[in-house]
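Here is the structure we will look at.
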2 protein chains.
Amino acid sequence: MTATALAGDARLPLYQRLAETLRYDLTQGTRRPGDRMPSENALAAEYGLAPGTVRQALSALVDDGLLERFHGRGTFVRRPSFDRSLFRFFRFRDSSGEWRIPESRILKRTVEPAPSHIARQLGIKDGEPAITMSRLRILSDAPVLAEEIWLPKARFEAFLDLSESEIGPLLYPVYDSRCGQLVARAEETLTAEAARPEIARLLRVDRNAPVIVIDRLAKGFDDTPLEWRRSQGRADQFHYHTEIR
Amino acid sequence: MTATALAGDARLPLYQRLAETLRYDLTQGTRRPGDRMPSENALAAEYGLAPGTVRQALSALVDDGLLERFHGRGTFVRRPSFDRSLFRFFRFRDSSGEWRIPESRILKRTVEPAPSHIARQLGIKDGEPAITMSRLRILSDAPVLAEEIWLPKARFEAFLDLSESEIGPLLYPVYDSRCGQLVARAEETLTAEAARPEIARLLRVDRNAPVIVIDRLAKGFDDTPLEWRRSQGRADQFHYHTEIR
DNA sequence: CAGTGGTCTAGACCACGAG
DNA sequence: TCGTGGTCTAGACCACTGT
C-alpha cells in the first residue's frame with residue numbers, strides 16, 4: 001500500500017528484508033527483552049505488506065530464537081535463557097532429586113592483565129586489564145563445579161565495587177543491573193581432561209580423574225564478547241544426550 | 001473441494017493431519033529415501049486442500065528432517081545422514097588435514113546372549129542371542145576409536161555369513177543391503193571416563209587417561225532398535241562446540 | 001520450454017487470552 | 001467482547017531445474 005521503508009537489498013524477498021529490519025531493532029537496544037511487538041496487522045499496515053508476509057518474517061525470527069509468540073496475547077521479544085546450556089547434562093540435583101542452582105563461593109576476585117588467549121576471546125588487547133574470578137559451585141555441601149571467569153575491566157568497573165554478598169550464584173542479572181551489560185547468547189565448547197591438582201582438590205576427586213571442561217564465551221546483543229569462563233566438573237556426573245538423523 | 005480422506009483427529013488442523021498421513025507413509029516403507037514426493041499442486045488436488053495448506057504440511061516434515069525440498073526439482077524423502085553425530089567433534093583428520101573415514105579392523109565377531117543392559121536397549125529379552133563385534137578404527141596408522149557393537153541376532157542373521165572383506169568401515173549400508181535393516185535415526189549419549197586397561201592399550205594412551213565415551217542406539221523408520229554401540233576415543237582429540245541463547 | 005518450489009496478496013474464519 | 005495469533009483459501013507471479 002504505502003512505500004515500504006525496508007532496509008536491505010531490494011532483490012531480497014520482502015519477508016527477509018522485514019526480518020532483517022526487525023532484527024536490527026532487537027540487536028540495537030530499540031526493542032528490549034520482554035517488550036511486546038506490534039501486532040501482525042499493525043506491522044503489515046506500517047510497512048505496506050500483506051499480513052501473510054509479515055507473519056513469515058516473524059516466523060523467521062521466532063525460529064531464530066529472537067521472538068516468542070503467544071496465541072491470543074501477542075509476539076514478544078524473547079528473554080535469553082540458557083536452558084540449552086551443556087550444564088544441563090550434569091546430574092546436579094539436590095539430595096531430594098530436584099534441580100537447584102548451586103551456591104557459589106568466591107575464592108578470588110582480582111584485576112589482572114589479560115593473558116593473550118583470554119584477550120583474544122574477549123576482543124581486547126593482549127595485557128589489557130581484566131577482572132578475573134575463581135568460584136566454587138556447591139550443592140548440598142558437595143562441590144560440583146570449579147569456575148574461572150574473565151571480564152573486560154572497561155565494561156565491568158562497577159563489578160569491582162560490589163561486596164561479595166551482593167553477588168549471588170547467578171552473575172548475568174548482576175552484569176545487567178549493575179554494569180548495564182546484557183548477555184544475549186553464548187558459545188560453549190566441551191572437552192574432557194585429567195584433573196589438575198588444584199581442580200582435583202577443589203572437586204574432591206583423585207588427581208588425574210577425568211573432568212568435563214566447558215568453556216563459555218558470552219556475548220551481548222550486538223555481539224560484543226562480555227565474559228569468558230571455564231567450568232570444570234566431575235565426568236562421572238555428566239551425560240550428554242542427543243538425537244541425530 | 002473433494003472429500004478429504006485424511007487420517008487423524010478431525011479437530012486437528014488440516015495441515016497437521018496431512019503431515020501425519022504423509023509421515024505414516026514414510027515410517028512404513030510406502031515411500032523410501034530418495035523418492036520424489038508428488039508436487040505440492042498434485043497433493044493439493046489429491047486431498048482437496050489449498051496449495052498453501054499442503055505447503056505448510058510439507059514444511060513441518062522438512063523441519064522434522066523427513067523431507068528435503070529443492071527449488072525447481074521437487075520435494076524428496078530425505079536419506080538419513082549422520083552429519084550431526086557427536087563424532088564430528090573428534091579431530092580425526094588425515095595427516096593432510098582432510099576428513100577421512102577411519103579404516104576398520106574387526107577384532108572379534110561372535111554370538112552371545114545379550115547382557116541385560118544391552119537387551120533392554122535393543123528391545124529383546126534378557127539373554128536372547130545377539131551378534132557382538134569389537135572394532136578398532138584407524139586413521140593413518142593411528143588408532144582413533146575403539147568400538148563395541150551389539151545387534152539383535154534375529155534381524156541380522158545374514159550378517160554372520162559375511163566375510164570380513166565384505167564388511168567395510170561403514171556398517172549401515174551393509175545392514176541395509178545384506179540384512180534389509182534401514183537405519184533412520186539414532187540417539188547418542190556422551191560422557192567421559194578414565195581409560196580401562198584394554199581401551200588404553202587399544203588407543204595407545206596411558207592407563208586412566210581420560211577418554212570420551214559415546215553410546216549410540218540406532219533405530220529403524222518404525223522406531224525398532226537395530227544396533228547399540230559404544231565408541232571410545234581420546235579426550236584430547238575431542239572438542240564439542242555449540243551455541244546457546 | 002514445462003514443471004517445480006518460493007514469494008506474495010487479500011482476504012475469511014477460528015481459537016485463545018484478557019478485561 | 002475485543003484484539004491477538006492460528007488456520008485456510010484461491011489465486012498471481014517469480015526463480016530455478018531439467019529437457
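The chains referred to below are lettered A, B, ... by the order of the sequence lines, with proteins before strands, and numbering in each begins at 1.
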Counting only side-chain nitrogens and oxygens, does B:Thr75 get under 4.0 Å of the OP1 or OP2 atom of C:dT4? no
For B:Asp141, does the CG atom have more than 12 heavy-atom neighbours from other residues, nucleotides or ligands under 6.0 Å away? no
Check the distance between [N]'s [atom2] and [X]'s [atom1] and give it to me in whole angstrom.
X       : N      : atom1 : atom2 : result
A:Asn41 : D:dG3  : CG    : P     : 11 Å
B:Leu12 : C:dA15 : CG    : P     : 12 Å
A:Leu43 : C:dA10 : CG    : P     : 16 Å
B:Tyr47 : D:dA10 : OH    : C1'   : 21 Å
A:Arg11 : C:dT7  : CZ    : P     : 16 Å
A:Leu14 : C:dG6  : CG    : C1'   : 13 Å
A:Phe76 : D:dT4  : CZ    : C1'   : 9 Å
B:Arg55 : C:dC8  : CZ    : P     : 12 Å

Can you tell me how the ring of A:Phe238 sits relative to the ring of A:Tyr240, calling it parallel under 30°, perpendicular over 60° and tilted otherwise? parallel
Return the orientation label for the A:Tyr172 and A:Tyr175 ring planes: parallel under 30°, perpendicular over 60°, tilted otherwise. tilted
From the list [options], which nucleotide is the closest neighbour of the side chain of [X]?
X       : options             : answer
B:Leu49 : C:dC8, D:dT9, D:dT7 : D:dT9
B:Thr53 : C:dG6, D:dC8, D:dT7 : D:dC8
B:Glu40 : D:dG5, C:dG5, C:dT7 : C:dG5
B:Ala50 : C:dG5, D:dT9, C:dT9 : D:dT9

Between the side chains of B:Ser39 and B:Asn41, is a donor N or O closer than 3.5 angstrom to an acceptor N or O? no
Within residues 65-74 of chain A, which residues have any heavy atom lying less than 4.0 Å from an atom of DNA chain C? A:His71, A:Gly72, A:Arg73
Would you sort out whether B:Gln237 and B:Arg91 count as a side-chain hydrogen bond (donor to acceptor under 3.5 Å, both in side chains), showing the intermediate values? CA-CA 5 Å; B:Gln237 300 275 22; B:Arg91 303 246 165 105; over 6 Å; no
Qualifying residue, where the test is side chain to side chain donor-acceptor pair (under 3.5 Å) with B:Arg229 and the options are B:Glu188, B:Glu148, B:Glu147: B:Glu147
side-chain hydrogen bond (donor to acceptor under 3.5 Å, both in side chains) between A:Ser140 and A:Arg93, intermediate numbers included: CA-CA 9 Å; A:Ser140 312; A:Arg93 317 284 170 105; over 6 Å; no
Please determine if A:Arg73 forms a cation-pi arrangement with A:Phe76, meaning its NZ or CZ atom is less than 6.0 Å from the six-membered ring centre and no more than 45° off the ring axis. yes
Heavy-atom side-chain contact between B:Leu226 and B:Leu151 under 4.5 Å: no
If you take any heavy atom closer than 4.0 Å to DNA chain D, which residues from residues 30-39 of chain B end up in contact? none
